[in-house]
Every structure is written in structure tokens, then in C-alpha cells.
Number of protein chains: 2
Amino acid sequence: MSTSPTAPSAPVRLLICDDHAVVRAGLLALLGSAPDIEVVGEAGSGAEAVALAGRLVPDVVLMDLQLGPGIDGVEATRRITAPRDGAPYVLVLTTYDTDADITRAIEAGATGYLLKAERPEELFAAIHSAAQGRTALSPPVAGRVMARMRSPRPVLTARELDILGQLARGLGNRDIARALFISEATVKTHLGRIYDKLGVDTRAGAVAVAKEQRLLP
Amino acid sequence: MSTSPTAPSAPVRLLICDDHAVVRAGLLALLGSAPDIEVVGEAGSGAEAVALAGRLVPDVVLMDLQLGPGIDGVEATRRITAPRDGAPYVLVLTTYDTDADITRAIEAGATGYLLKAERPEELFAAIHSAAQGRTALSPPVAGRVMARMRSPRPVLTARELDILGQLARGLGNRDIARALFISEATVKTHLGRIYDKLGVDTRAGAVAVAKEQRLLP
DNA sequence: TGCGGGGTCAACCGATCGGATGACCCCGGT
DNA sequence: ACCGGGGTCATCCGATCGGTTGACCCCGCA
């Protein structure tokens, strides 16, 4: 656009990825009729999206984050946007505006993050923005990103997430220790730090917060 | 159909309800082109759906369960299907196949329960089924309903849910007792029963199961 | 009238937790 | 070479939890 203001830009080549066939069909019906958008393919799983992105060389991949079993939207985004020639831009289109989701998607290389609640016109605009590598965020998402900057969220280490996972199964310290091949003392040390980071002081509270923030699978 | 096999049936009058504008637009594009379906309106909230259902007298309401703030899909379904003349059938179209969601939707009067992961053809078929009051369930949903029949789900009493709610805040027995104006002994009694019903034996496990089954708001 | 379910309370005991402190190791970055 | 963060382990103690048993009350239902 900035390079050729006179020539009518070619339609944006779009790849749709969503595990819900109905939603996929709906998006296809909605976007397929737009003159400046060409839907070159659709994927129902992360693996399929990665494969098609390589084969169809789309300009933009419209990516849902919730993709059922197999690799998820974040991982698919990471692979699709892996540095190489002509890597497509990924525009995340999802339901949730959870902090963790947004962070992970952006870290994985997403160019934009749109909510399905957005107006269709915003979607059209975002697709064209993404095609040029410009970031497009839904207002609620943008708000959360700002908030995040102001007060960073607790970041648990991988090991702490291990402990938390066992904790959510209702295991006692001894069993957690056995499950992770460490001593009970170590478990207690980790738990203490987890309590600190999550701002709680009981195991039940930790599990509640963890589930709330979707820290666990 | 069974009454007039020769006359081409009139198109099914359909009302779409989904809080996600993009999804709504997609469904409209998808279903609006079907010759035997007439989309007579769309709603972005439960309240709007109830109002439009009364005004537009559709044959079928396509209802998402997750509707953001305000009355949810279940409550909207309940009101729309309230016994009266010409009450439309409600076909639930949602993402989740949680036991609790299914149960609540059916109890509220839903005629069918379809997952968005279903193939679009199934959606068309389900809409026509619903128009005649015939039940249509996605296979995973049907499976869960069957499973439910075989092993009924733990049903916590209101009081037990109170205790569980406080538990999820990470409170100790003493604080739970104070919060609910009962003795610590009573709290322990309730907790014991909750453990039994949820099949766990620790507070952390109880919270995990509760969050998993969406037993708490 | 009796029965059962739900809610409340008590007392007891062993097991576990929460918190604090100090220590060691390994690794990556300055 | 030094330092800091992450992971590991140990020990101590008071507080809390989990499990059990038994009891009382109220209410709806047979």
C-alpha cells in the first residue's frame, strides 16, 4: 500500500484454521465473498495448519487458539511464523482474552489478536492489517496488554508448574515428592514459593488461582 | 413432513443467538444461503434473544450457551421455551460438551444440543429436526448423556457448595466456619461428605474437581 | 406416626501442612 | 571469577487437617 498507492492490491491470500467445522464454514462463507480476500484453504487442526501454511503460502493465517487434541494454536503459530522466507503473518481469532493466552500467542509470533466477539468489519480490517504485518488488537486485548505492563503477572517456573500439577490432583507432599522423584523437603520449598507468587497461603487456594488463571492444562 | 409429504415445506424460520459478532455473521452467511432456511433475525445477548423470539416467532432458535454478561444461554432457553402457544424450539449450538452444560440446557428445554465442531451438514439437518421438535444430539453429547444415565454425577447440596466456595478461596476450616456462621465441626462434617461425593480426600483435590466440573461460579 | 435426608455440633487422634532457616549444587550472564 | 536464580535437601515446631463416632434438630413424605 505504501509502496504502490495506485495499483489495486491483490486479494489477501488467507488460510483459515479452526477446529470447529461449523465456525470454519461460517468464516468461509463470510470471508469468501469479500472481493479483496481469497481464502486459499482451511485447516481443522494445528498440524494441518502448519502443513497447509507451508504448501499454500498464504499471506495471513487466521488462527484459533483452541484446537482440540494435537498441537495447539500457540504451537502452530510458533511453527508457522518461524523465521524464513515468505513466512505468513498469523492473526489470532479466538474467544478468550485471558492474559496467559494473549502473552503466549504474542510470544509465539502472532501479529494480531482478535476476539470473535469483534464486529465483522473489524475482522476484515484486521486481516488487511495483518497482511502488511501491522498489529491489530481487540480493545479488551489491548487493555490487558497495557495492564500487564503495569503489573506483571506471577510467572511460575516449569518445576513449580510440575508441583502445582500434582497438587491439583490432590496429592500430599509425600506423594508429590515420589511422583517427581525429589524429596518431601523440596516439595515444601517449591510450595512456599508458589504460595508467594500466587498470593495465597494454602494448597486449596493455590489450586483455585491456578485453575482461574489457566496455569494448568 | 409426516403430515404433508407432497407440499414443499416452507423454509424454517431461524433466529440466531451468539454473543460473538464474527460467529454470528459467519452463521448468517452460511445459513442464509440455504434455500430451506430463512434467518429472520440475530441476537447478541440472551435478553435480545428472548425479546426477538417473542416478536419474530421463529420456528427454531439457534442458541449459544456462552453469552457474556446478562442472562446466559440456559436462562434464555428456559424463557424462550416457556410453555405457551407457538413457542419455538431451541437448538443449542456451543463449543463445550461439559456434562453440567448439557444437563442444564436440556432441563431448560433445549430440543437439541450440537457442537460447533460438527460438520455443517449436521447443522442443517439438526435445524430441520429441531423445527419438528425432534431431538438432535452430537455424538459426543449423546455419549455423555448415556454415561450420565449409567453413573449419576455427584450432586452437592447448596450448603456443600457454600463450603466448597469458601474452600476455593483458600480458607481454613475456622475461617470457613466464621464466614458461614457455623461451627468448625460442621465445616469438617460437610467437607468429609464433599470428599466422598467428589471422590477425593484432600481440599486441593476437591477444588481441582470442582473447577474441572464447573461446580463453582 | 414413623422414617430418612439435610444440617448442625462435639471430642478425639494421628498425619500432614505451613513457615522459617540454612545449606549445597549447577548453570548462565557480567 | 564472581554473582544470582533455579533446583535440591534437611530440621524444627505449632497449627491445621482428615477420619471417625455419636448425637440432636427440623422437615417432608409415606
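Residue numbers start from 1 in every chain, and the chains themselves are labelled A, B, ... in the order their sequence lines are given, proteins ahead of strands.
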Check: Taking CG from Leu161(A) and P from dG6(D), how many angstroms apart are they, rounded to a whole number?
Finding: 13 Å

Next item on the list: Please work out if Gly192(B) contacts a base, only the sugar-phosphate, or nothing of the nucleic acid, heavy-atom cut-off 4.0 Å.
Entry: nothing

Margin query: Less than 4.5 Å apart, side chain to side chain, heavy atoms only: is that true for Thr95(B) and His20(A)?
Written below: yes

Checklist line | Closest nucleotide among dG18(D), dC17(D), dT8(C) to the Asn173(B) side chain | finding: dC17(D)

Next item on the list: Nearest whole angstrom, please: distance from the P of dT20(D) to the NE2 of His190(B).
Entry: 18 Å

Item checked: Short side-chain N/O contact to dT8(D) OP1/OP2 from Arg159(A), under 4.0 Å -> yes

Next item on the list: Measure from CZ on Arg174(A) to C1' on dC17(D) and round the result to the nearest Å.
Entry: 14 Å

Checklist line | Value in whole Å for how far the P atom of dG6(C) lies from CD of Glu160(B) | finding: 8 Å

Notebook entry, point to check: Charged N to carboxylate O under 4.0 angstrom, Asp19(A) versus Lys116(B)?
Noted result: no

Margin query: Distance check needed: dG18(D) C1' versus Leu167(B) CG, whole Å only.
Written below: 13 Å

Next item on the list: Could you check how far CD of Gln166(B) sits from P of dC17(D), rounded to whole Å?
Entry: 14 Å

Checklist line | Thr189(A) (side chain) and dC9(D) (base): donor-acceptor pair under 3.5 Å | finding: yes

Next item on the list: With rounding to the nearest 0.5 Å, note down the distance linking CD1 in Ile127(A) to CG in Leu14(A).
Entry: 5.0 Å

Notebook entry, point to check: Is the distance from OP1 or OP2 of dG19(C) to the nearest side-chain N or O of Tyr195(A) less than 4.0 Å?
Noted result: no

Margin query: Heavy atoms from C-beta onward define the side chain here; which of dG18(C), dA10(D), dG7(D) lies closest to that of Ser183(A)?
Written below: dA10(D)

Check: Closest nucleotide of DNA chain C for Ile163(B) versus for Lys188(B): which of these residues is on the 5' side?
Finding: Ile163(B)

Note to self: Looking at Asp196(B) and Arg193(B), is there a salt bridge between them, counting it only when a charged N and a carboxylate O are closer than 4.0 Å?
What the structure shows: no

Note to self: Expressed as a whole number of angstroms, how long is the span from Ile176(B):CD1 to dC17(D):P?
What the structure shows: 7 Å

Next item on the list: Starting at atom CD of Glu184(B), determine the distance to atom P of dA15(D), rounded to an integer number of angstrom.
Entry: 13 Å

Next item on the list: Quickly, which of Val23(B), Leu27(B), Asp18(B) forms a side chain to side chain contact (heavy atoms under 4.5 Å, CB included) with Leu93(B)? Name it, please.
Entry: Leu27(B)

Check: Using a cut-off of less than 4.0 Å, is there contact between a side-chain N or O of Thr157(B) and OP1 or OP2 of dG7(C)?
Finding: yes

